[in-house]
Amino acid sequence: MGTVLQSKGVKLGELPESYNYTRPEVIEEIHREYLEAGADFITTNTFGANRYKLNKTPYTVEGMIEKAVEIAKEARKGYKNRYIALDIGSSGKVLEPIGDTSFEEIYDIFKEQVVAGAKAGCDVILFETFTDLYELKAGVLAAKENCDLPIFCTMSFEENGRTFFGTSVESMILTLEALGVAAVGVNCSLGPKELKPIVQQIVEKASIPILVQPNAGLPVIKDGQVHYNVSPKEFARYMKEFAEMGVSLLGGCCGTDYAYIRETIEATCNEPYSEPTYKEVTGVCSHGKAVYFDDVRIIGERLNPTGKKLLQQALRNDDMDYILKEAIGQEKQGAHLLDVNMGLPDIDEVAMLKKAVTEIQSMVKLPLQIDSSNVQALEEATRIYNGKPIINSVNGKKESLEAILPIAKKYGACILGLTLDERGIPESAEERLEVARRIVTAAREIGIPKKDILIDCLVVTASAQQDLVLETLRAVRLVKEELGVKTVLGVSNVSFGLPNRPIINKTMLAMALMQGLDAPIMNPGDTGMLETISAYRVLTGKDKDSKAYITQNTQMNELAILPNGANPEVEKLDLKQAIIVGLKEEAKKATTSKLKERKALEIVEEEIVPALNQVGTLYEEQTIFLPQLIKSAEAAKKAFEVLQQAMTKEESSIHAQKPKVALATVYGDIHDIGKNIVKVIMENYHFEVYDLGKDVPSEKVIEAVKKHDIRIVGLSALMTTTVGSMKETIAALKVACPEVKVIVGGAVLTPDLAEFVEADYYAKDAMESVRIAEKLC
Ligand code: B1M
């Protein structure tokens, strides 16, 4: 609309919406051209038709929107199944506490637009070009609460995948989906090419239809005019790709006109409409940070005044700094979410919770769990929360279900259900499961998806109800298995009234995690509990290659072990560095490029072997640990695969026919990189190699020698502990096949050790193996 209006004479600074009154025929013609091009939705000329922008004009919001919708309806006459979207752009205001506009004021601005649009008869409410999720949430609530129309929302992202206000794609999707919008996506700011990675992210995360409206590329100034650098045909090619990726609704923003829409429709008319794929993933978010419950998630418990004198005092003194310090402290200590409870009998909890949430969300990145037994406090705080929070809590009582679940549904929050009801906390795990089931059923009945329900099976104190501790843990297991929802526990309650609480807490935590606990509510400053989680993540494979554990427990830092301190994130690594850090693809690339200048064997001896030697030293001095050792070995293998392919068969200096050699890494030893190198080199020198593998018992060597009539055997050993095994293999071989000559090698061996194991020859590397074998032949 804006682009075409400019081409029709709207000047910079002129109010485009004024054309609804002054030149309605132009607007109608624009709609008709888009309808002719095949568009399913036309957007009203109301992008800036809000009270702030119209207040110095003769127009009212209601009048302007009514007029715009009327024009669109007029244009639509005679077309079937075409829809009118009420276009609502950002208000241009910044919300408190950063700006000076309150959430409710912005809500009212949008409400006015929505009510006017719905009354005038539009079919869809389209919020577009938003960069502040908070403002958009106010708009969505205004639409949800004041009309029944479907809501489409698009935000504008920078190339770094964030909006100007720092909203991430994940936060946008989690928040808007939970609020119940009909379609979500991206418009403006970038061309289709630049938007592609963002669209990809949206496709991966969204469960609802996706809407994409890029600009016609990037702007270029020519003859004092702004032009865009992507043609309609090129634009349409990208749009087809988007459709194939799973985008359901396509359109254009700045720089696009009828031609872009026509080409897009032509390019995609044979594409089936993409139904969104439902993602059964539990996630919450602040405006900039999403947290998914696919790993242990720590919910910081320290913003709860129960038993905390200093916090109680801070609340009474309205000391926000104290509260913020606690929030920031917990974030630094590693909490993933913060529970916020401001309940004290002698303060205005409703106001205080709202204020705390407003302040904390502007300072701390973490998503919040809004915690209160006061329904009004919960509702008001959840309403103004900038993201998707957890509401703590609902329980199995009828009045709780009826009061709390609709709040979670309306404001798009996850819900934490406590397994208690009119009877209190049931004793047995089965009874708690039944309460949980009731909560899940009631939540689902009002449209809260299962993924947004978490259950707390309630920890009792071991000092008072020792026999019920295990019932809580059993209940966690039952809830996970039977209901398939995420679980939460206020773990440290268990130790109340006992001395040395940390020991009980961390043990309870370990036990609960094994029962399937997803999110402990705990003090993230409790190092014992953090260590338990860290160890649990290693033992359950959640901490891949124990990377996090190793980093936490050593001085180890990948960057520090690189010879010149190179940063693997940003720099191209050379082959040695890639092997040391254990990056397979980098190692492959570096080998390919090295092969342009060097011979394969040189690369082995001067790059791969020294790199692995350095890895061995780092391992020995405990700078790195076994997972990293394995990674390095894998990277070295990848490098070697490249070399193997590249090696051309060289003519053997002596033999036309292939002498046979058996190679094996001895029993008890699984190091085979060196042995494999020897194999490839010997094959290049026209030996027929029988590779018996690694960890090979002497009987297998003897069997192969006899079967294939082999006269030369090469044995490899890398560890002091397997030198003995090598000696035994040679002794057995000499008895069974006395004519065989044995060459030994491997990092641990020396000429002296070769003599000790009674080998015939010692080869320090692959080429020496060839020379000895050739001499033997
Ligand atoms: Co381990 N490992 N490793 N390891 N590993 C060493 C050998 C070690 C020296 C590291 C250290 O502590 N500094 C140490 C042994 C200490 C000792 O006993 N003196 C060690 C240990 C302790 C272990 C484990 C016990 C660790 C653990 O589990 N806690 C474990 C052993 C398991 C077992 O075998 N039962 C283990 C495991 C592993 C990985 C699986 C992670 C991996 C091996 C992967 C694989 O091979 N598929 C690995 C690696 C990569 C190494 C180091 C870092 C590198 C070995 C290597 O490939 N070198 C190594 C440290 C080091 O050697 N500096 C180490 C490069 C290779 C090309 O050289 O094998 O010497 P090399 O081969 C050369 C020559 O020696 C000669 O030609 C080759 C080409 O020039 N040659 C022959 C070799 N065989 C020949 C046979 C011939 C002729 C020549 O016959 C004709």
Side-chain angles (χ1 to χ4, degrees), residues 1-7 12 16 41 43 46-48 50 53 85 87-95 98 126-137 139-140 152-173 175-176 181 183-206 209-222 225-232 234-239 241-243 245 247-257 260-261 264 287-288 290 386:
M1 177 61 73
T3 300
V4 182
L5 274 177
Q6 271 172 31
S7 73
L12 264 178
F41 293 84
T43 50
T46 52
F47 181 78
N50 61 52
K53 294 200 179 128
D87 191 14
I88 302 181
S90 154
S91 68
K93 294 280 177 184
V94 180
L95 271 76
I98 299 164
L126 169 64
F127 291 102
E128 58 175 359
T129 329
F130 279 67
T131 51
D132 183 1
L133 185 64
Y134 206 20
E135 186 193 11
L136 184 49
K137 177 171 175 181
V140 172
F152 292 2
C153 295
T154 54
M155 297 190 78
S156 296
F157 288 85
E158 312 283 315
E159 251 173 308
N160 64 10
R162 298 217 169 232
T163 69
F164 177 69
F165 275 81
T167 297
S168 66
V169 169
E170 292 172 331
S171 292
M172 169 183 81
I173 293 166
T175 307
L176 296 176
V181 309
V184 68
V186 56
N187 80 301
C188 202
S189 75
L190 298 167
K193 181 173 167 221
E194 296 77 26
L195 276 185
K196 208 168 151 188
I198 294 167
V199 174
Q200 184 60 45
Q201 262 195 74
I202 302 178
V203 171
E204 279 161 19
K205 300 286 177 194
I210 299 162
L211 163 58
V212 176
Q213 307 199 84
N215 289 344
L218 299 173
V220 275
I221 310 278
K222 221 163 87 193
Q225 299 272 2
V226 181
H227 297 269
Y228 285 85
N229 66 355
V230 171
S231 70
E234 197 185 344
F235 184 85
R237 268 201 303 276
Y238 282 110
M239 299 306 262
E241 272 186 58
F242 291 159
M245 281 159 69
V247 173
S248 311
L249 296 146
L250 302 168
C253 202
C254 302
T256 66
D257 59 15
Y260 288 77
I261 298 304
T264 295
H287 82 282
N386 187 5

Novice: Measure across R162 and S168 and return the closest heavy-atom pair with its distance rounded to 0.1 Å.
Specialist: NH1-CB, 3.7 Å
Novice: Rounded to the nearest 0.5 Å, how far does CG of D132 lie from CG of N386?
Specialist: 6.5 Å
Novice: Once rounded to the nearest 0.5 Å, what's the spacing between atom OG1 of T154 and atom CG of L176?
Specialist: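 The distance works out to 10.0 Å.
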Novice: Looking at S156, is its backbone amide N or carbonyl O close enough to the side chain of T163 to form a donor-acceptor pair, meaning the two atoms are under 3.5 Å apart?
Specialist: no
Novice: To the nearest 0.5 Å, what is the distance between CD1 on I221 and NE2 on H227?
Specialist: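 These two atoms lie 8.5 Å from each other.
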Novice: For P16 and L5, work out which heavy atoms get closest and say how close.
Specialist: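 Nearest pair, atom of P16 first, then L5: CB-CD1, 3.8 Å.
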Novice: Between V184 and A206, what is the shortest heavy-atom contact and its length?
Specialist: CG1-CB, 4.3 Å
Novice: Please check if any side-chain donor atom of S90 sits under 3.5 Å from a side-chain acceptor atom of E135, or the reverse.
Specialist: yes
Novice: Judged by atom type as modelled, is there a donor-acceptor pair below 3.5 Å linking the side chain of N215 to the main-chain atoms of G217?
Specialist: no
Novice: State the CE-CZ distance between M1 and F47, to the nearest 0.5 angstrom.
Specialist: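 Output value for this atom pair is 12.5 Å.
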Novice: Kindly say whether P209 contributes a backbone atom to a donor-acceptor pair with the side chain of S248 at under 3.5 angstrom?
Specialist: no
Novice: Hey, does P214 have a side-chain heavy atom less than 4.5 Å from the side chain of V212?
Specialist: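 In contact.
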Novice: Kindly indicate whether the side chain of C153, heavy atoms from C-beta on, has any atom under 4.5 Å from the side chain of L136.
Specialist: yes
Novice: Is a donor on one side and an acceptor on the other found under 3.5 Å between the side chain of T256 and the backbone of Y260?
Specialist: no
Novice: Below 4.5 Å, heavy atoms only, C-beta onward: do M155 and T167 meet side chain to side chain?
Specialist: yes
Novice: Side chains of V140 and T175: closer than 4.5 Å at any heavy-atom pair?
Specialist: no
Novice: Any side-chain donor paired with an acceptor under 3.5 Å for E128 and Q213?
Specialist: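 On atom types as modelled, these side chains qualify, holding a pair under 3.5 Å.
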Novice: Pairing donors with acceptors under 3.5 angstrom, does anything connect the side chains of N187 and T129?
Specialist: yes
Novice: Atom OG1 in T264, atom CZ in F242: separation rounded to 0.5 Å?
Specialist: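 Spacing of OG1 (T264) from CZ (F242) equals 10.5 Å.
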Novice: Report yes if some heavy atom in the side chain of Y134 is under 4.5 Å from a heavy atom in the side chain of H287; otherwise report no.
Specialist: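 Counting from C-beta outward, Y134 and H287 never come under 4.5 Å.
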Novice: Is there a side-chain contact between V186 and L195 (heavy atoms, below 4.5 Å)?
Specialist: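 With C-beta onward as the side chain, the pair touches.
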Novice: The criterion is side-chain hydrogen bond (donor to acceptor under 3.5 Å, both in side chains); which residues satisfy it with E194, sequence neighbours excluded?
Specialist: none
Novice: What do you reckon, are the aromatic ring centroids of F165 and F130 less than 6.0 Å apart?
Specialist: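 Judged by ring-centre distance (under 6.0 Å), F165 and F130 do not meet the cut-off.
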Novice: Report the distance from atom CG of L218 to atom SG of C254, rounding to the nearest 0.5 Å.
Specialist: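 Between L218 CG and C254 SG, I get 11.5 Å after rounding to 0.5 Å.
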Novice: Could you give me the CA-CA distance, side-chain angles and deciding distance for L190 and E159, then say whether side chain to side chain contact (heavy atoms under 4.5 Å, CB included) is met?
Specialist: CA-CA 8 Å; L190 298 167; E159 251 173 308; 4.0 Å; yes
Novice: Report the C-alpha distance between F152 and F41 in whole Å, list the side-chain angles of each, state the deciding distance to 0.1 Å, and finish with yes or no for ring-ring contact (aromatic ring centres under 6.0 Å, His included).
Specialist: CA-CA 12 Å; F152 292 2; F41 293 84; 5.5 Å; yes
Novice: What are the two closest non-hydrogen atoms of C188 and C253, and how far apart are they?
Specialist: CB-SG, 3.5 Å
Novice: Report yes if the side chains of I210 and L249 come closer than 4.5 Å at any heavy-atom pair, otherwise no.
Specialist: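 Result no, sub-4.5 Å side-chain heavy-atom pair not found.
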Novice: What residues, two or more places apart in sequence or in another chain, satisfy side-chain hydrogen bond (donor to acceptor under 3.5 Å, both in side chains) together with E204?
Specialist: Q200
Novice: With the side chain counted from C-beta on, respond yes when I173 and I202 share a heavy-atom pair under 4.5 Å apart, and no when they do not.
Specialist: yes
Novice: What pair of heavy atoms forms the shortest contact from A85 to L126, and how long is it?
Specialist: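 Of all heavy-atom pairs spanning A85 and L126, the closest is CB-CB, 4.1 Å.
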Novice: Holding to side-chain hydrogen bond (donor to acceptor under 3.5 Å, both in side chains), I want the full list of residues that pass it with S189, two or more places apart in sequence or in another chain.
Specialist: none
Novice: Let's go through I198 and V169 carefully: what are the C-alpha distance in whole Å and the side-chain angles of both, what is the deciding distance for side chain to side chain contact (heavy atoms under 4.5 Å, CB included) to 0.1 Å, and is it a yes or a no?
Specialist: CA-CA 7 Å; I198 294 167; V169 169; 3.9 Å; yes
